[in-house]
Enquirer: 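Got a structure for you, written out below as C-alpha cells; questions coming shortly.
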Amino acid sequence: MYDYTEKMCRDYLIDVEQSDYELVIREEDILAERELARKTAEADGVEVGNYPDNYLESLAVYRKIAETLAADDIILFHGSCIAVDGYAYLFTAKSGTGKSTHTTLWRKVYGDRVCMVNDDKPLIWLSKEGVYIYGTPWDGKHHLSTNTKVRLGGICILNRANGEQNSIAHIGGKEAYPMLLQQTYRPRQTAELLKVLESIDKLANHVPIYDMRCNIDEQAAVMAYEYMSQGCEN
C-alpha cells in the first residue's frame, strides 16, 4: 500500500517472470503491528512509539516473509553479522550489550577484508550444502547490510567483560540453545513454529557456537576473529 518498503528494498530488487513466494499485506496486518508495538512498549515500561503506517507495513512484510520461509529451513535471526575472507560471523546478545559496537571494531581492524552482511535481522538458510546467512534490507538503525550470501562460520554470544580480560570459548549447542531460541523469530502459527524449532536444533548442531566476554577495544575483535576463524579451517 505504501512505497516505503520498495524504497528500503531497492538494492534487493530483481526482475523475474514468476516469483517463488507471494505475500499479501492488508490493513489488518498494519493494525496488528501497531498493537504488538503497544504491548511490547508497555511490557518494557517505555513510551509507545507513534509509528507511521508505512513503517509498520514494512514490519508486516518481513514478518510474513519469515513465516513463509520457515517451511524451507530459513529463519530470521536477531544479531549483527560480519564476513571476513569468505566466512560470516554472527554476533548475538541481549539488547544493549554492544553487538553493533563489536562489529564496528572488526571493520576498523580488518578494513577492506570486511563485508557487513546485516546489522540487525539477517536470514539464515540451513541447506543440504551447508548453513548460509543473507543480508536483508531490515538492517537496523544504522542501515548496514549487503545483498549477499555467505557461509556461516560461527555464532558468538556476546557478554560484557566489565573491565576484565577479554575471553572467548567454544560452547555446546545445548548450552547455547536458550539464546538461539530467544534470538530467532518464532511464528505464531503452530506448524511454522514447530518447523522453526527444528531449524534451531539444526543450527545448534551444525554451526560452531562461542561465548565471548569482551571490552570495547580492538583487541577484542582480533581475539574473536583469530579464535573463530580456526573453526572455519577445520
Enquirer: Taking C-beta and beyond as the side chain, do Met228 and Met212 meet within less than 4.5 Å on heavy atoms?
Expert: no
Enquirer: The test is salt bridge (Lys or Arg N to Asp or Glu O under 4.0 Å); show your working for Asp119 and Lys141 and say whether it passes.
Expert: CA-CA 9 Å; Asp119 197 35; Lys141 62 182 179 181; over 6 Å; no
Enquirer: So does Gln189 have more than 12 non-hydrogen atoms from other groups sitting under 6.0 Å from CD?
Expert: yes
Enquirer: Measuring from Trp125:CH2 to Leu152:CG, what's the distance to the nearest 0.5 Å?
Expert: 14.0 Å
Enquirer: side-chain contact (heavy atoms from CB on, under 4.5 Å), that's the test. Do Lys202 and Val131 meet it? Break it down for me.
Expert: CA-CA 9 Å; Lys202 293 179 183 178; Val131 181; over 6 Å; no
Enquirer: Please tell me if the side chains of Leu90 and Val207 come closer than 4.5 Å, counting only heavy atoms from C-beta onward.
Expert: no
Enquirer: For the CG atom of Leu69 and the CD atom of Glu192, what is their distance to the nearest 0.5 Å?
Expert: 11.0 Å
Enquirer: Nearest 0.5 Å, please: how far is OH in Tyr132 from CD1 in Ile124?
Expert: 14.0 Å
Enquirer: Working to the nearest 0.5 Å, report the span between CG of Leu36 and CG of Leu56.
Expert: 10.0 Å
Enquirer: Which heavy atom in Thr136 sits nearest to a heavy atom in Tyr62, and how many Å separate them?
Expert: CG2-OH, 3.3 Å
Enquirer: If the plane angle is over 60° it's perpendicular, under 30° parallel, otherwise tilted; pick one for Tyr89 and Trp106.
Expert: tilted
Enquirer: Indicate yes or no for a side-chain donor-acceptor contact from Asn215 to the backbone of Glu164 under 3.5 Å, with no hydrogens or angles considered.
Expert: yes
Enquirer: Taking the side chain as everything from C-beta on, heavy atoms only, tell me whether Ile30 gets closer than 4.5 Å to Tyr2.
Expert: yes
Enquirer: Start with the C-alpha distance between Glu67 and Lys64, add both sets of side-chain angles, then the distance that settles salt bridge (Lys or Arg N to Asp or Glu O under 4.0 Å), and finish with yes or no.
Expert: CA-CA 5 Å; Glu67 292 173 351; Lys64 286 202 173 184; over 6 Å; no
Enquirer: So which heavy atom on Cys115 is nearest to which on Thr146, and how close?
Expert: SG-OG1, 3.7 Å
Enquirer: Within a strict 4.5 Å, meaning less than it, do heavy atoms of the Pro208 and His170 side chains meet?
Expert: yes
Enquirer: Give the minimum heavy-atom separation between Leu158 and Gly98, together with the two atoms involved.
Expert: CD1-O, 4.1 Å
Enquirer: Is a side-chain donor or acceptor of His78 paired with a backbone partner of Asp120 at a separation under 3.5 angstrom?
Expert: yes
Enquirer: Side chains of Asn162 and Arg213, heavy atoms from C-beta outward: is any pair under 4.5 Å?
Expert: no
Enquirer: Any side-chain heavy atom of Cys9 sitting closer than 4.5 Å to one from Trp138?
Expert: yes
Enquirer: Would Ile82 and Phe91 count as a side-chain contact (heavy atoms from CB on, under 4.5 Å) if you check the C-alpha gap in whole Å, the side-chain angles of each, and the deciding distance to 0.1 Å?
Expert: CA-CA 8 Å; Ile82 199 162; Phe91 294 89; 4.2 Å; yes
Enquirer: Shortest non-hydrogen contact from Glu33 to Arg63?
Expert: OE2-NE, 2.5 Å
Enquirer: List the steps and the verdict of side-chain contact (heavy atoms from CB on, under 4.5 Å) for Leu181 and Arg186.
Expert: CA-CA 8 Å; Leu181 180 65; Arg186 300 180 298 280; 3.6 Å; yes
Enquirer: Under the 3.5 angstrom rule, does the side chain of Glu57 hit a backbone N or O of Ile25 as a donor-acceptor pair?
Expert: no
Enquirer: Identify the two heavy atoms, one from Val117 and one from Tyr134, that lie closest to each other, and give their separation to 0.1 Å.
Expert: CG1-C, 3.8 Å
Enquirer: Determine, step by step, whether Asp72 and Lys195 satisfy the salt bridge (Lys or Arg N to Asp or Glu O under 4.0 Å) criterion, reporting the C-alpha distance in whole Å, the side-chain angles of both residues, the deciding distance to 0.1 Å, and the verdict.
Expert: CA-CA 9 Å; Asp72 292 326; Lys195 185 61 179 176; over 6 Å; no
Enquirer: Just wondering, are more than 12 heavy atoms of other shown residues or ligands nearer than 6.0 Å to CG in Asp44?
Expert: yes
Enquirer: Hey, what's the ring geometry for Tyr55 with Tyr51, parallel, tilted or perpendicular (30° and 60° as the breaks)?
Expert: tilted
Enquirer: Of the non-hydrogen atoms in Ser145 and Asn118, which two are nearest, and what is the gap between them?
Expert: CB-ND2, 3.9 Å
Enquirer: Carefully, step by step, assess Ile157 and Gln183 under the rule side-chain contact (heavy atoms from CB on, under 4.5 Å).
Expert: CA-CA 10 Å; Ile157 300 172; Gln183 300 297 78; over 6 Å; no
